[in-house]
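Quick notes on the structure that follows.
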Amino acid sequence: MYRTIQQSLLARIQAILLAKYDVTLTNLVVEQPPSITLGELALPVAFELAKRLRKAPRAIATELAAELTAALPSLEGVASVEVAGAGYLNVRLDRASTVRRIAADQHADIGGPGFRLVEHTSINPNKAAHIGHLRNAILGDTFQRLLRPDHFKTGYEVGVQNYIDNTGVQVADVVVGLVYLEGKTLSSTRELLTELLETNQRIDFYCWDLYARVSQWYNADPDHLEARKQIRLNTLHALEMGKNDTADIADLISTAVLRRHLQTMQRLNIEYDFLPRESEILSLHFWDAARTLMLEKGVLYLETAGKNKGCYVMRRAGSAEEIAVEDSSLPDEDAKVIVRSNGTVTYVGKDIAYHLWKFGLLPGKDFGYLKFHQYPNHCCWISAVHGETPHPSFGHADAIYNVIDSRQNDPQNNVIAALRGMGYTDAADNYTHFSYEMVALTPRCAVELGYTISEEDQKKSYIEVSGRKGFGVKADDLLDRLIAAAKSEVDTRHPEIEPAERMTIATQIAVGALRYFMLRFTRNTVIAFDFKDALSFEGETGPYVQYAIVRAANIFRKANTTAATSLAAIATLDLSNILDTEEGSSLWETWLLASKLTLLIEQCIATAEPAYLAKYAFQLAQQFNNFYHRHHVLNETDPTRKSLLLATAAVAQREMIRALDYLGIEAPPVM
């Protein structure tokens, strides 16, 4: 509702600026006054116009205030406009009218035309998912939820992809471990998978240990170092070539591990629409089509001299026409190698081809599609050479968001440079590298997980994890520990509840704690995970917000009513005499904050920063808890005041539940 009023107000100001001054401003800034007593919106538009109009800001503000005051009858929800300070426009809202509209669930729409493609998780299918992967997956899943806001009328059309690098060096390493450390063949690899399944053991956990062993094996014997590196290289080439036993072993293992990854992520309410695999990008010759296109567009060329002689290279920024070389006879030593002199394509080359497909810019190329995993409400498809029909379509994005850690900044920038160099400026402009920093452990958390750490590490604020070195936290192990801790608390507090329901509640709390912890920090902040901090019922945590929702539910239960009934009652109440008082201002603050959910969602989308919504959920929970302690709802004797208090609790609860839902967090019935 706040955003609805803001939009109508800004539209009217733009119309006034055009009619009165023949001026159009690209962006009108809206601020919030330092105190609610000064109004609900503050606009510095007069300061933006002062130099252009050669007038004092306060004089301009006075003129605008007069125009807006005359237009008040058509500005629903706006009570007054006044000039403040050196030229601010302070806007006061009609509290009673706005509360009724908020209670009626009037919100500004979010979204628009166009297909948004969100790619996240993208775990190498060579071992179990770990804590670092969870930040990627939770960020991506939350962002796709924001793009298609189910609680409101509109949203964007969204596709969620999880890229599977099933022919890369990490999968090759596991194959090396199976073949050279364990003596496995294609046949015995199949037997291993059957044995693990029958004994209820996990292939992703098995590969976790094997991956660490083979990483150590490569460097264990200096006399065999080069030979073992060659084994790794030969295995990698066999995977890329396909149609051989080595590639078949890799396919068996990577597919089995992938299924485990999907199950792990589903525990966290994370689902996907499509799983494109690198094996199909290779076998369907996406790169060949991309290479032809890049040569035609002049961004790829054969280097004939210098260190990159014999390689196909791409200039790192801009198009060929935009770059001036002082001496064109000299090679560009800074050019990015796309195809090595031995004919192999680099990671960036394959990524360029893949992203051309994403934007529908790879003529005649598409994946085959096969059903792979059935979620409760939709199917997840996987790429294939020959697929089935009918099938959905994904390679036609108008905007893409790649959730990839910040260490991949350079490759991502190279892909954007390639798109721009080929003249696909719209694609380049709508390509977002949704970067983030790593997840580490606090020393206390590492000790709780059973690791022995040195005195030096104990003094650090965080300890980095490494799956290759065998020091890490499996995502499922982490979630199991969180659920066990939450269940212990639920069992103590609610022994009267059936065990199965207590487990469900404990899972909701644990998932909420984990997801919120990963989302509360801005993307470019290193996270040091800690069990105690994540599960705390106090402070900025998921359980704190969940507990506020439960506290609101207890009010309705004790009052023998519902949140919906309480909100509906607002329509018939005379609220002005209450809301316009000093005491009513504290209630109004809760309503005002509750009305800003769509504003925060819009901000999160514009900045690709879900942390703002996590912060909002916490602030709303704080606001509700302050209301709860200040107003004794159940003991109120005045019927109108009691109805308003119940509705205030109801609107706070409704928007807290929605905010958590966008964060992928459920609200349990009890805590």
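The figures that follow rest on heavy atoms only: side chains count, while hydrogens, waters and symmetry mates do not.
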Give a yes or no answer on whether the side chain of N136 reaches the backbone of H120 with a donor-acceptor pair at less than 3.5 Å. no
Under the criterion salt bridge (Lys or Arg N to Asp or Glu O under 4.0 Å), I'd like the reasoning laid out for K127 against D173: C-alpha separation, chi angles, the key distance, then a yes or no. CA-CA 11 Å; K127 65 182 189 306; D173 284 344; over 6 Å; no
Donor-acceptor check, side chain of T346 to backbone of I338, threshold 3.5 angstrom: yes or no? yes
Smallest heavy-atom separation, L356 atom then A290 atom, equals CD1-CB, 3.8 Å
Q266 and P376 have their tightest heavy-atom pair at NE2-CD, 3.8 Å
Please say whether more than 12 non-hydrogen atoms of neighbouring residues, nucleotides or ligands are located less than 6.0 Å from NE2 in H378. yes
L134: which of L479, L268, V473, V439 passes side-chain contact (heavy atoms from CB on, under 4.5 Å): L268
Between W357 and F286, what is the ring plane arrangement, given parallel below 30°, perpendicular above 60°, and tilted in between? tilted
Under a 3.5 Å distance rule, please check whether N166 uses its side chain to pair with a backbone N or O of S279 as donor and acceptor. yes
Under a 4.0 Å threshold between the charged nitrogen and the carboxylate oxygen, would K532 count as salt-bridged to D530? no
Close aromatic pair by centroid cut-off 6.0 Å: Y375 and Y272: no
Strictly by modelled atom types, are Y163 and E278 linked by a side-chain donor-acceptor pair under 3.5 Å? yes
Once rounded to the nearest 0.5 Å, what's the spacing between atom NZ of K336 and atom CG of N413? 11.0 Å
Side-chain (T292) to main-chain (D288) donor-acceptor, under 3.5 angstrom: yes
Spacing of T167 atom OG1 and I281 atom CD1 [to the nearest 0.5 Å]: 8.5 Å
Is R145 salt-bridged to D141, cutoff N-O under 4.0 Å? yes
Should L239 and T246 be marked as a side-chain contact (heavy atoms from CB on, under 4.5 Å) after you check the CA-CA gap, both sets of side-chain angles, and the distance that decides it? CA-CA 7 Å; L239 265 58; T246 302; 3.6 Å; yes
Using a 4.5 Å cut-off on heavy atoms from C-beta on, say whether the side chain of P392 contacts that of D273. no
Classify the angle between the aromatic ring planes of H130 and H133 as parallel (below 30°), tilted (30 to 60°) or perpendicular (above 60°). parallel
Counting only N and O atoms by type, is there a donor-acceptor contact under 3.5 Å from the side chain of Y516 to the main-chain atoms of A614? yes
Could you tell me the separation between the CG atom of N409 and the CG atom of N414, rounded to the nearest 0.5 Å? 11.0 Å
side-chain contact (heavy atoms from CB on, under 4.5 Å) for M518 and L514? Distances and angles first, verdict last. CA-CA 6 Å; M518 292 293 182; L514 180 56; 4.1 Å; yes
Distance-only polar pair, side chains of T121 and N162, donor-acceptor under 3.5 Å: no
Does the pair D480 and R267 meet the rule for a salt bridge (Lys or Arg N to Asp or Glu O under 4.0 Å), with working shown? CA-CA 10 Å; D480 288 344; R267 297 181 70 187; 2.7 Å; yes
So does D251 get a backbone contact from the side chain of T255, meaning a donor-acceptor N/O pair under 3.5 Å? yes
Check: Q144/Y401 side-chain N/O donor and acceptor closer than 3.5 Å: no
In this structure, are over 12 heavy atoms from other groups packed under 6.0 Å from M438 atom CE? yes
Centre of Y218's six-membered ring, under 6.0 Å away, within 45 degrees of the axis: is that where NZ or CZ of R232 sits? yes
Pair L139, L519 - check side-chain contact (heavy atoms from CB on, under 4.5 Å), show working. CA-CA 7 Å; L139 280 169; L519 292 166; 4.0 Å; yes
So which atom in R515 and which in G664 form the shortest heavy-atom distance, rounded to 0.1 Å? CD-O, 3.3 Å
Six-ring centre of F434, R523 cation under 6.0 angstrom, axis tolerance 45°: yes
NZ/NE/NH1/NH2 to OD/OE distance under 4.0 Å, R202 and D204: yes
Spacing of K297 atom NZ and L419 atom CG [to the nearest 0.5 Å]: 11.5 Å
Just checking, is any N or O donor in the side chain of T199 or Q201 under 3.5 Å from an acceptor N or O on the other one? yes
Of all heavy-atom pairs between E119 and K358, which one has the smallest distance, and what is that distance? OE1-NZ, 2.7 Å
R291 side, atom CZ; Y312 side, atom OH - distance, nearest 0.5 Å: 4.5 Å
Would you confirm whether the ring centroid of F359 sits within less than 6.0 angstrom of the ring centroid of Y424? no
Would you indicate whether the side-chain heavy atoms of Q546 and I665 approach each other to under 4.5 Å? yes
Is a donor from one side chain sitting under 3.5 angstrom from an acceptor on the other, for R260 and Q263? yes
Closest heavy-atom pair and its distance - L284, A384: CD1-O, 3.9 Å
Is it true that, when you exclude Q374 itself, more than 12 heavy atoms of the residues, nucleotides or ligands shown sit nearer than 6.0 Å to its CD? yes
Answer yes or no: is there a side-chain heavy-atom contact under 4.5 Å between T264 and H261? no
Within the distance-only criterion (no hydrogens, no angle test), does the side chain of N402 pair as donor or acceptor with the backbone N or O of H433 below 3.5 angstrom? no
Taking the six-membered ring for Trp, is the centroid-to-centroid distance between F274 and Y369 below 6.0 Å? yes
Rounded to the nearest 0.5 Å, how far apart are CD1 of I404 and OH of Y436? 8.5 Å
What are the two closest heavy atoms between L275 and C380, and how far apart are they? CG-SG, 3.6 Å
Who pairs with R190 by salt bridge (charged side-chain N to carboxylate O under 4.0 Å, His left out), at least two apart in sequence or on another chain? none
Is the NZ or CZ atom of R277 both under 6.0 Å from the centre of the six-membered ring of F367 and within 45° of that ring's axis? no
Look at the side chain of R135 and the backbone N and O of E437, then say whether any donor-acceptor pair between them is shorter than 3.5 Å. yes
